[in-house]
2 protein chains.
Amino acid sequence: MARPGIESIRRQQLIDATLSVIETHGFQGATIGKIAAASELSVGIVSHYFGGKQGLLEATMRYLLSCLQQDASRLMASRPSNPRESLMAIVDANFSGVQTHAQSAKTWLAFWTQAMHSPELMRLQRVNERRLLSNLIFHLRQLMPPGPAQATAQTVAAMIDGFWLRAAMSEGRIEPDQAAALCKTYIDQAIKANNGASK
Amino acid sequence: MARPGIESIRRQQLIDATLSVIETHGFQGATIGKIAAASELSVGIVSHYFGGKQGLLEATMRYLLSCLQQDASRLMASRPSNPRESLMAIVDANFSGVQTHAQSAKTWLAFWTQAMHSPELMRLQRVNERRLLSNLIFHLRQLMPPGPAQATAQTVAAMIDGFWLRAAMSEGRIEPDQAAALCKTYIDQAIKANNGASK
DNA sequence: CTCTGTATTGAATGAGTGTTCAATTTGTTG
DNA sequence: CAACAAATTGAACACTCATTCAATACAGAG
């Protein structure tokens with residue numbers, strides 16, 4: 001038998017190569033050949049570890065989702081339990097990935113597009129969307145009535161997606177710090193506009 | 001010679017077929033063969049009128065952009081010149097296309113993704129983005145200082161994109177009316193938070 | 001009806017891609 | 001070192017798709 005753990009190493013190699021190739025060549029240009037070349041492995045290895053190209057793409061999206069979730073958990077843990085601060089942490093978490101991986105925004109957009117015609121990717125996307133939304137509602141609920149909380153949560157979620165989209169389109173011209181700041185400004189405005197009406 | 005105007009008829013036939021095929025099969029599945037079948041024409045006609053697949057795709061995106069601009073012009077013309085009402089009209093215009101063409105949202109997303117790796121599509125996208133942004137700033141500028149106006153405009157633009165994205169992802173589950181209402185609520189909050197500081 | 005040039009067709013072509021699997025390499029065990 | 005199995009390779013294969021272009025259909029002019 002060969003070294004144990006070699007499987008997870010190869011899997012990660014291929015996922016990293018996939019992200020890199022999508023970043024430079026786009027989703028359409030992400031062929032098995034290019035991914036294999038970028039990972040310095042052979043084309044056959046993809047079928048061996050992921051069963052095929054589709055399996056590799058799904059694994060790559062799962063990886064991106066898990067990174068996002070990890071960012072969120074880390075930032076939530078290091079903050080006070082103040083509801084407003086928690087909301088700010090959620091915003092930060094949703095933009096922190098952009099800085100470290102400039103390629104992420106483009107790749108996300110590519111996956112979203114692909115996800116619309118792939119049930120499995122669609123399911124993953126929906127789960128993640130639900131989590132963000134219910135997280136936002138939970139904290140907003142402590143600052144305003146249910147109605148405005150629901151509306152504000154949906155608005156914040158749309159803003160986050162919108163800024164990601166713009167970041168992807170403008171080749172990193174839009175600063176993630178700026179996007180996060182605008183989201184936070186909105187949250188404060190929404191709190192001010194609805195506070196005291198609850199409790 | 002055959003009938004004059006036959007060219008514009010065929011072009012529109014092919015553009016309509018392209019939109020229809022992208023809606024059902026996705027951008028990746030939009031092949032010349034399917035488009036030709038949907039338009040009840042032959043595959044060769046595409047090269048004849050558009051020089052190739054890429055030309056047809058660019059023409060289709062131009063068509064979508066012109067539809068959006070037409071919606072905007074129409075709604076702006078039938079409203080009072082009140083700055084706030086103008087902003088509301090802009091929001092309505094950006095969501096009016098979703099209702100009539102449920103396929104639009106998916107197709108927009110597909111084009112956005114494609115645009116990132118096609119200079120010509122990217123250029124079209126940028127022009128449209130600039131127009132929306134400067135339109136928003138122009139009207140906001142009459143209701144608040146330059147700084148907040150700039151920030152609010154970018155936030156509104158991101159919200160619009162974000163809601164479109166969500167509409168595309170959720171197969172029309174999100175009502176465009178609701179999205180427009182949330183955008184308007186935000187605009188009013190932003191005006192209230194910054195009014196009186198200008199002029 | 002015949003002629004003429006435009007409009008249209010669709011089979012043939014060739015480039016590109018994902019998958020397969022027999023052969024090879026690599027690391028471990030006896 | 002020899003024997004073995006897991007890991008890896010990459011050429012061959014089958015398939016899809018965009019493009020091309022010689023052949024055909026067609027509308028109006030004479």
Side-chain angles (χ1 to χ4, degrees), chain A residues 1-61 110-111 113-114 117-121, chain B residues 1-61 110-111 113-114 117-121:
Chain A
M1 226 179 282
R3 295 173 229 156
I6 189 75
E7 176 166 341
S8 61
I9 292 176
R10 293 282 176 266
R11 290 182 107 100
Q12 195 57 48
Q13 264 184 325
L14 288 171
I15 288 174
D16 290 341
T18 303
L19 290 173
S20 168
V21 171
I22 289 179
E23 152 70 9
T24 53
H25 295 88
F27 200 86
Q28 308 228 41
T31 67
I32 295 286
K34 284 180 194 154
I35 292 171
S39 66
E40 295 182 332
L41 293 171
S42 72
V43 298
I45 208 87
V46 172
S47 293
H48 184 249
Y49 281 123
F50 293 98
K53 190 185 182 183
Q54 188 64 22
L56 173 57
L57 292 176
E58 287 175 9
T60 304
M61 187 167 179
F111 273 114
T113 307
Q114 177 71 2
H117 297 274
S118 163
E120 177 63 10
L121 291 182
Chain B
M1 223 179 280
R3 294 173 229 160
I6 188 75
E7 176 167 340
S8 61
I9 292 175
R10 293 281 175 265
R11 289 182 106 100
Q12 194 57 48
Q13 263 184 327
L14 288 169
I15 288 174
D16 290 342
T18 303
L19 290 173
S20 168
V21 171
I22 289 179
E23 152 70 8
T24 53
H25 295 89
F27 199 86
Q28 308 229 40
T31 67
I32 294 286
K34 285 180 193 155
I35 292 171
S39 67
E40 296 180 332
L41 294 170
S42 72
V43 297
I45 208 86
V46 172
S47 293
H48 183 250
Y49 281 122
F50 294 98
K53 191 184 183 183
Q54 188 65 21
L56 174 57
L57 293 176
E58 287 175 9
T60 304
M61 187 167 180
F111 272 114
T113 308
Q114 178 70 3
H117 296 277
S118 163
E120 178 62 10
L121 291 181

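Below, read A as the first sequence line, B as the second, and so on, with proteins coming before strands; counting in each chain starts at 1. In this text, all values refer to a predicted model and were calculated from it rather than measured experimentally.
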What is the distance, to the nearest angstrom, from the [atom1] atom on [X] to the [atom2] atom on [N]?
X	N	atom1	atom2	answer
Ile9(A)	dT26(C)	CD1	C1'	15 Å
Ile45(A)	dT24(C)	CD1	C1'	13 Å
Gln13(A)	dT8(D)	CD	C1'	12 Å

Degree of bending, the helix from dC1(C)-dG30(D) to dG30(C)-dC1(D) (end axes from five pairs; round to 10°) =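 Taking the rotation axis at each end, their angle is 10°.
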ask   = Would you say a side-chain N or O of Arg10(A) is under 4.0 Å from OP1 or OP2 of dA7(D)?
value =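 For dA7(D), neither OP1 nor OP2 has a side-chain N or O of Arg10(A) closer than 4.0 Å.
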query = Distance check: side-chain N/O of Tyr49(A) vs OP1/OP2 of dA7(D), anything under 4.0 Å?
reply =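 False: Tyr49(A) side-chain N/O out of range (4.0 Å or more) of dA7(D) OP1/OP2.
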ask   = What residues, two or more places apart in sequence or in another chain, satisfy side chain to side chain donor-acceptor pair (under 3.5 Å) together with Thr113(A)?
value =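 Listed in chain order: Thr113(B).
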query = Under the side chain to side chain donor-acceptor pair (under 3.5 Å) test, which residues partner Glu120(B), sequence neighbours left out?
reply =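 Glu120(B): side chain to side chain donor-acceptor pair (under 3.5 Å) contacts with Arg62(B), Arg123(B).
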task = Check Leu14(A) against Val46(A) and note the closest heavy-atom contact, atom names and distance.
result =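 Nearest heavy atoms, Leu14(A) then Val46(A): CD2-CG2, 4.2 Å.
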request  = Could you check whether Phe50(A) gets within reach of a base, just the sugar-phosphate, or nothing at all, counting any heavy atom under 4.0 Å?
outcome  =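 It contacts nothing in the nucleic acid.
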message = How would you summarise protein contacts on nucleotides 11-18 of chain D per nucleotide, using B for base, S for sugar-phosphate only and - for none, with heavy-atom distances below 4.0 Å?
response = B-----SS
key: Residues that Phe27(B) engages under ring-ring contact (aromatic ring centres under 6.0 Å, His included), provided they are two or more places apart   =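 Phe27(B) satisfies ring-ring contact (aromatic ring centres under 6.0 Å, His included) with Phe111(B) only.
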task = Using the test side-chain contact (heavy atoms from CB on, under 4.5 Å), find all partners of His25(A) that sit at least two apart in sequence or belong to another chain.
result =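 So His25(A) forms a side-chain contact (heavy atoms from CB on, under 4.5 Å) with Val21(A), Lys34(A).
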